[in-house]
Amino acid sequence: MKNFLFVCAENDALAHCKAGGMADVVRDVPRQIAASGDQVHVVVPAYNRLHKNGRLITELKFNIRGEATLASIYEVEPKKQIPGITHYVIDHPEIVEGNIAHIYNDDPEEPFFTDAVKYFIFNTAVAQAVKQNLFDHIDVVHLHDWHTALLLFHRAFHQDFTILKDSKFVYSIHNLSLQGIRPLNNNFASINNFFPELGYEYDKVKDPRYNDCINLMAVGIRLADKVHTVSPSYMQDIMRPSHKPEFIGGEGLEEDLRTAFAEGRLHGILNGVNYKNMRVAKKGNLYANILVQIFKWIQEESKKYKSDILANTGEKVVHLLLNPPSFVASSVARMTEQKFYFFKRNPEALKAILTNLESQNGIFILLGTGEPEYERLMRDISYEHANFIFINGQSEDIIDSIYLESNLYFMPSLFEPCGISQMLAMRNGVLCLVHHTGGLIDTVRDGVDGFVFYGSHIDETVTNMVKAFAHCIEVFQNDRKRWGIMRRKAKAVRFSWEDSVKKYYDKLYTY
């Protein structure tokens, strides 16, 4: 039996510990590993809140900034108990709650400043927990994105944590565009300020563009035993240089990725989704679920500044209860450049889609939180268009209803490492319209089980996106037989975690 340790920033096996699709992966992969008979420990930061109903295991003493500090590790109850999986959170005064999904911090003046501080401390606490043998002997440590790459730094260079060399390390790239770049020196949130006693190999940690900075994503790629991308097509994309905004590729790390591929360390394995033991929404509850959640949010102090848009959204939904639409398009996504750059570049494209929908008695429901710039854009357009339902929050009940009751699921991603939303929509027989990029290439077949748009340059892509959306509505209105056939094919496709985790064992977990 193998013993695994998953280290990550978010984990949807726990309540209120999700910002994006990475949390779904961290919830589902351990379940599949446990089903095979192996043992999994999953640890995330407590963010000053997730430990409150947990069971204190012990304190962890280690050095940061040249001084001893104490963190606490708790065992916590998951939303669903699975034999073979144990969940933990680590609490420390500086591992703070963020303003994005109560996890990450948005530091526009100095990117990654607050997050670097909390993840420097979190990773060092995890290393100390391994040293104190809290998880027994770990065969495989599976790390996720830049937030956890410091464990590889400690394995390579920290004399207090040589025990980490006894385990194999897998590093998953969920989003290469977020790299955790911080100064090496002369900054509170710098590697030399937090670990002044350590000597390290400069070439192993440096950012390829900013020579006075550490790049934690690069550290993960360079120092892991195996590197994993969450789809085969995304792996191919990121080994090519970016040409923004036409193409988002390796973002400066393409040489490191090509080296990892040449060494046999880089593998692209598609994410999966669950087809059993899943949350199932009740049909017909979409608008009721939205209204219930809006009334809850308006009463929360943290949502006061959003009360206008929530009230505006609520008024629209009440109208829909009495006047149901004929066509429902939807998206669930973080408000970021990755997901909605096309709308920022050309807001008229979204307005054209909404106008087309209006002529067909259709609506567009968008749920998500994220960068203030993108929230503001969507809020402003929502005020202008009665058929644009912008739900500026997070709710599992609403999301489940959206996946069940939409006619078309829309993913206009600039780039997409994998995408889980399209798989969840297809699982319910909902057709998707997606951009031909990354993992969306691997999951949606144009004209077979969904719709795809692309272009040779960015403006052509945006134009084709609007045309493709109109084409979707046309097929729905005028060729319902074809629509039904495509829906059945979408629902029949299987992106199973059983298949994906078998590949994990073959490619990532075998040494």
Side-chain angles (χ1 to χ4, degrees), residues 18 21 24 273-276 278-297 310 312-333 339 353-354 356-369 378 382 385-412 419-434 443-444 449-451 469 472-477 479-480 482-493 495:
K18 175 178 176 175
D24 294 352
V273 293
N274 288 324
Y275 293 92
K276 55 186 178 182
M278 58 192 187
R279 288 180 102 244
V280 179
K282 185 177 179 181
K283 192 123 183 158
N285 277 10
L286 174 59
Y287 305 128
N289 283 341
I290 295 173
L291 289 173
V292 167
Q293 190 60 61
I294 283 175
F295 284 126
K296 289 180 181 177
W297 281 329
L310 291 170
N312 176 267
T313 301
E315 289 179 13
K316 292 178 178 180
V317 174
V318 169
H319 174 76
L320 293 172
L321 285 170
L322 301 173
N323 303 276
S326 303
F327 188 89
V328 178
S330 64
S331 293
V332 175
K339 301 293 186 178
I353 286 170
L354 292 169
N356 189 348
L357 277 170
E358 186 178 27
S359 70
Q360 305 294 330
N361 189 32
I363 63 170
F364 178 35
I365 299 175
L366 170 60
L367 180 146
T369 60
M378 300 306 176
S382 174
H385 290 265
N387 66 332
F388 182 24
I389 313 300
F390 177 38
I391 305 168
N392 195 195
Q394 295 289 341
S395 164
E396 282 190 86
D397 289 337
I398 298 175
I399 291 170
D400 288 344
S401 289
I402 284 173
Y403 287 136
L404 182 67
E405 299 192 45
S406 297
N407 299 108
L408 182 72
Y409 192 83
F410 187 26
M411 289 185 71
I420 291 178
S421 294
Q422 80 279 16
M423 299 181 189
L424 297 174
M426 293 170 74
R427 184 176 70 181
N428 284 329
V430 174
L431 296 183
C432 299
L433 171 61
V434 305
T443 49
V444 179
D449 51 27
F451 303 92
F469 200 103
C472 294
I473 296 176
E474 181 183 358
V475 174
F476 178 81
Q477 297 286 18
D479 195 348
R480 201 61 68 89
R482 180 187 173 198
W483 188 272
I485 292 170
M486 291 177 67
R487 281 194 61 195
R488 288 192 290 275
K489 288 182 177 179
K491 192 167 186 176
V493 176
F495 308 105

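Counting only heavy atoms from C-beta outward, the side chains of Phe388 and Leu366 approach each other to under 4.5 Å. Between Asp397 and Gln293, the closest side-chain pair of non-hydrogen atoms is not below 4.5 Å. Contact check for Trp297 versus Asn392: no side-chain heavy atoms found under the 4.5 Å cut-off. Using a 4.5 Å heavy-atom cutoff, the side chains of Phe410 and Cys472 are not in contact. In this structure, the side chains of Lys18 and Asp24 come closer than 4.5 Å at one or more pairs of heavy atoms. The shortest side-chain heavy-atom distance between Met423 and Phe495 falls under the 4.5 Å cut-off. A heavy-atom distance below 4.5 Å is not found between the side chains of Phe364 and Ile353.
When every heavy atom of Cys432 is checked against every heavy atom of Met426, the shortest pair comes out as SG-CG, 3.9 Å. Nearest heavy atom pair, residue Pro325 against residue Leu320, reads CD-CD2, 4.0 Å.
In the model, Lys339 has no side-chain atom that pairs as donor or acceptor with a side-chain atom of Ser331 under 3.5 Å. Side chains of Tyr403 and Ser421: a donor-acceptor N/O pair is present below 3.5 angstrom, by distance only.
For the atom pair Leu291 CG and Thr313 OG1, the distance stands at 10.0 Å (nearest 0.5 Å). Separation of atoms CD1 (Ile389) and CG (Asn312) is listed at 8.0 Å; rounding is to 0.5 Å. Note that OG1 of Thr443 and CE of Met411 are 7.5 Å apart. Values are rounded to the nearest 0.5 Å. Distance CG/Asn407 to CZ/Phe327: 5.0 Å, rounded to 0.5 Å. Considering CG of Leu424 and OH of Tyr409, their distance stands at 8.0 Å, rounded to 0.5 Å. We find the CG-CG distance between Asn428 and Asp400 to be 8.5 Å, quoted to the nearest 0.5 Å.
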Intermediate values then yes/no, side-chain contact (heavy atoms from CB on, under 4.5 Å), Leu404 and Lys282: CA-CA 8 Å; Leu404 182 67; Lys282 185 177 179 181; over 6 Å; no
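Considering only residues two or more places apart in sequence or on other chains, Glu474 meets the side-chain contact (heavy atoms from CB on, under 4.5 Å) condition with His471, Asn478. For Met486, the side-chain contact (heavy atoms from CB on, under 4.5 Å) test picks out Leu431, Phe451, Arg482, with sequence neighbours left out.
Considering Leu408, Val430, Ile363 as possible partners of Val328, the one that fulfils the side chain to side chain contact (heavy atoms under 4.5 Å, CB included) test is Ile363.
For the pair Asn387 (side chain) and Gly362 (backbone), a donor-acceptor distance under 3.5 Å is present. Using a distance-only test at 3.5 Å, with no hydrogens or angles considered, a donor-acceptor pair links the side chain of Glu405 to the main chain of Gly284.
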